[in-house]
Amino acid sequence: MNKVYLRRKITPRVENGHPWIFSNEVEKIEGEVVGGEIAEVFSHDKKFIGKGYINPKSQILVRLLTRSKSEEINEAFFLTQLRKCYCRLVFGEADSLPQLIIDKFNDYFVIQTLALGIDVWKPAIVKAINEIFDPKGIYERNDVPVRELEGLPQQKGFLSAPFDTQIIINENGLKFYVDVENGQKTGYFLDQQDNRKAIQHIVKGADVLGAFTYTGTFEIHAAHYGAKSVLGLDISANAVAQANKNAELNEVHDRCKFEVANAFDVLKQWGKDGRQYDVVMLDPPAFTKSRETIQKAITGYKEINLRGMKLVKPGGFLVTSSCTNLVQPDLFLQIINMAAKDARRKIRQVVFQTQSSDHPIILGMENTHYLKFLIVQVQ
Ligand code: SAH
């Protein structure tokens with residue numbers, strides 16, 4: 001087993017719970033490094049810190065799996081770890097299983113193994129799911145570009161007997177189709193579940209516009225909570241088709257419609273046309289994953305929120321999300337404030353929260369606190 005010794009400056013962060021070790025944070029490594037194997041990590045003064053998987057091809061050399069010297073990383077380890085998780089089912093680093101995502105939709109499981117060292121344990125993970133849950137089906141959604149940074153191919157497919165990949169889930173008393181084969185990510189964004197519920201007090205009798213709607217979840221919640229009219233926009237024709245199906249499934253299609261549109265263009269144009277809504281909701285995809293392009297993300301958020309705000313009637317509400325983990329909550333609030341200044345509108349914060357509670361946050365680990373969900377009243 002490789003022994004990895006940390007630089008003195010790095011030791012406290014990792015000792016205090018952070019599971020990542022970058023290649024430039026290492027003082028020395030004993031033994032020949034083989035990607036995907038388990039390595040032991042020590043402090044600069046040779047105290048044992050933990051064990052994790054190693055990959056010399058990745059910028060993140062080691063990701064820790066355990067802090068116990070006696071705990072073996074084997075099939076049984078994954079069974080024990082999966083038993084400790086709950087709900088979603090696994091949220092990577094926050095569940096001490098770095099780069100593993102498991103979403104549970106009824107009795108179906110969708111998994112992503114986004115690093116080499118966790119990918120080698122895929123059979124053990126599947127075995128553990130089978131043992132704990134007696135699932136109806138398991139699907140792999142590893143068609144994610146980030147895998148290439150780890151030297152892994154992009155792939156997707158069944159890890160169980162084939163099943164109908166259009167699943168209907170229940171959320172907050174509503175029904176939604178989840179396409180686990182062709183949907184985005186694992187098919188559905190479970191992390192916004194509590195936030196979708198948070199709009200119920202502001203949409204009664206309202207004319208609502210939602211952009212970046214995906215399969216229409218926020219918009220269908222709005223219609224269900226009493227909105228007068230709802231229009232949802234997405235650039236993906238597939239997403240819009242699925243959203244319209246979801247509206248029918250929940251019998252709100254008379255007042256809840258979806259259209260294909262580029263939100264950046266359309267919101268700008270409608271602002272010029274003087275269109276007004278009681279509530280405008282925005283949930284764009286992550287604008288950057290790297291620090292180098294953070295400025296681009298800030299500009300993007302400011303722009304789209306400025307355009308959204310201009311469409312809100314005085315006294316109405318802007319509902320806005322950001323899932324870019326590099327834009328931390330304080331920065332996001334600053335951006336929204338800048339947008340309000342530029343739009344010459346006064347805002348007051350009504351709700352400010354994060355992802356659903358089954359995606360826990362590890363203090364000191366910024367990327368586990370990635371979702372910002374804000375409702376402001378716009379004067
Ligand atoms: N609100 C959704 C998740 C949105 S994900 C939910 O709760 O499930 C972001 C969505 O933005 C994706 O569906 C993507 O297709 C869409 N999108 C990306 N760029 C866009 C653009 N310029 N205009 C409109 N939609 C866009």
Side-chain angles (χ1 to χ4, degrees), residues 88 103 105 110 141 143-144 167-172 174-180 182-200 203 208-225 227 230-247 249-250 256-271 279-289 296-297 299-308 311 318-325 327 353-356 358-359 370-375:
R88 181 199 186 172
D103 277 355
F105 302 116
V110 183
R141 279 303 298 273
D143 49 331
V144 188
I167 296 164
I168 296 177
I169 62 160
N170 210 302
E171 182 184 86
N172 304 325
L174 292 163
K175 287 180 271 181
F176 295 101
Y177 284 105
V178 177
D179 179 347
V180 303
N182 297 312
Q184 297 182 27
K185 241 171 157 177
T186 58
Y188 192 83
F189 296 94
L190 289 169
D191 52 1
Q192 290 275 32
Q193 169 163 3
D194 297 346
N195 299 333
R196 294 183 186 114
K197 207 156 58 181
I199 65 171
Q200 64 179 308
V203 294
V208 177
L209 174 67
F212 311 94
T213 183
Y214 185 42
T215 55
T217 55
F218 273 98
E219 292 68 22
I220 289 163
H221 275 77
H224 172 71
Y225 292 137
V230 188
L231 174 60
L233 307 173
D234 201 282
I235 204 161
S236 151
N238 271 343
V240 167
Q242 194 87 341
N244 278 316
K245 263 176 68 183
N246 279 331
L249 187 64
N250 291 285
C256 185
K257 313 266 182 220
F258 296 93
E259 287 171 15
V260 179
N262 182 328
F264 280 91
D265 299 344
V266 163
L267 266 56
K268 187 174 185 181
Q269 187 55 45
W270 290 357
V279 176
V280 173
M281 308 191 289
L282 309 171
D283 185 15
F287 285 150
T288 182
K289 293 204 169 11
K296 212 180 94 207
T299 311
Y301 281 119
K302 187 174 154 202
E303 186 67 26
I304 197 68
N305 281 285
L306 170 71
R307 289 176 190 184
L311 292 174
L318 177 75
V319 177
T320 181
S321 298
S322 155
C323 58
T324 303
N325 63 48
V327 174
Q353 52 197 36
T354 185
Q355 66 260 15
S356 298
D358 54 359
H359 294 55
Y370 66 99
L371 188 64
K372 282 77 56 190
F373 173 82
L374 175 69
I375 303 181

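Read the numbers this way: they start at 1 and go in the same order the structure lists the ligands and their atoms. Remember, it's a predicted structure, so these values are computed and weren't measured experimentally.
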Taking side chain as C-beta onward, heavy atoms only, is Leu209 less than 4.5 Å from Val279?
no
Is there side-chain contact between Asp103 and Val178, with heavy atoms separated by less than 4.5 Å?
no
Of all the atoms in ligand 1, which lie at a distance below 4.0 Å from a heavy atom belonging to Phe264?
22 (N)
Residues, nucleotides or ligands: over 12 heavy atoms within 6.0 Å of Lys268 NZ
no
At a non-hydrogen distance cut-off of under 4.0 Å, which region of Leu233 contacts ligand 1 (side chain, backbone, both, or neither)?
neither
When you measure from atom 6 (C) of ligand 1 to every protein heavy atom, which one gives the shortest distance, and what is it?
Thr217 OG1, 3.3 Å
Please determine if Gln192 has a nitrogen or oxygen closer than 3.5 Å to a nitrogen or oxygen of ligand 1.
no
Within the 4.0 Å heavy-atom cut-off, what Ala239 brings close to ligand 1 is neither
Residue and atom name of the nearest protein heavy atom (relative to atom 23 (N) of ligand 1), distance in Å to one decimal
Ala263 N, 2.8 Å
Heavy atom under 4.0 Å from ligand 1: found in Phe218's side chain, backbone, both, or neither?
side chain
Going by the atom numbers of ligand 1, which of them fall below 4.0 Å from some non-hydrogen atom of Gln184?
12 (C), 13 (O), 14 (C), 15 (O)
What part of Ser321, side chain, backbone, both or neither, has a heavy atom within less than 4.0 angstrom of ligand 1?
neither
Does any part of the side chain of Phe105, heavy atoms only, come nearer than 4.5 Å to the side chain of Val180, both counted from C-beta?
yes
So the atoms of ligand 1 within less than 4.0 Å of a heavy atom of Arg196 turn out to be 6 (C), 7 (O), 8 (O)
Can you list everything that forms a side chain to side chain contact (heavy atoms under 4.5 Å, CB included) with Asp143? Sequence neighbours excluded, please.
Arg141, Gln154, Lys156
Any chance CG of Asn172 has more than 12 other-residue heavy atoms, nucleotides or ligands included, within less than 6.0 Å?
yes
Can you tell which part of Asp234 has a heavy atom less than 4.0 Å from ligand 1: side chain, backbone, both or neither?
both
In the protein, which heavy atom is nearest to atom 25 (N) of ligand 1, and how far is it?
Ile235 N, 3.1 Å
Any heavy-atom pair between the side chains of Ile169 and Lys175 that's under 4.5 Å?
no
Shortest heavy-atom approach to atom 24 (C) of ligand 1 - which of Ala261, Cys323, Gly300:
Ala261
Is there side-chain contact between Lys296 and Phe287, with heavy atoms separated by less than 4.5 Å?
no
N/O of Asp283 under 3.5 Å from N/O of ligand 1, yes or no?
yes
Could you check if a side-chain atom of Tyr370 sits within less than 4.5 angstrom of a side-chain atom of Thr324, using non-hydrogen atoms only?
no
Can you tell which part of Phe189 has a heavy atom less than 4.0 Å from ligand 1: side chain, backbone, both or neither?
side chain
Side chain or backbone, does Phe212 bring an N or O within less than 3.5 Å of an N or O on ligand 1?
yes
Quick one: does Pro285 get within less than 4.0 Å of ligand 1, heavy atoms only?
yes
Is there side-chain contact between Cys323 and Asn325, with at least one heavy-atom pair below 4.5 Å?
no
Answer whether the closest heavy-atom distance between the side chains of Lys372 and Tyr301 falls below 4.5 Å.
no
Which of parallel (below 30°), tilted (30 to 60°) and perpendicular (above 60°) describes Tyr188 and Phe176?
tilted
Specify the protein heavy atom at minimum distance from atom 22 (N) of ligand 1: its residue, its atom name, and the distance to 0.1 Å.
Asn262 OD1, 3.1 Å
For the 3.5 Å polar cut-off, considering only N or O atoms, please tell me whether Pro284 and ligand 1 meet it.
no
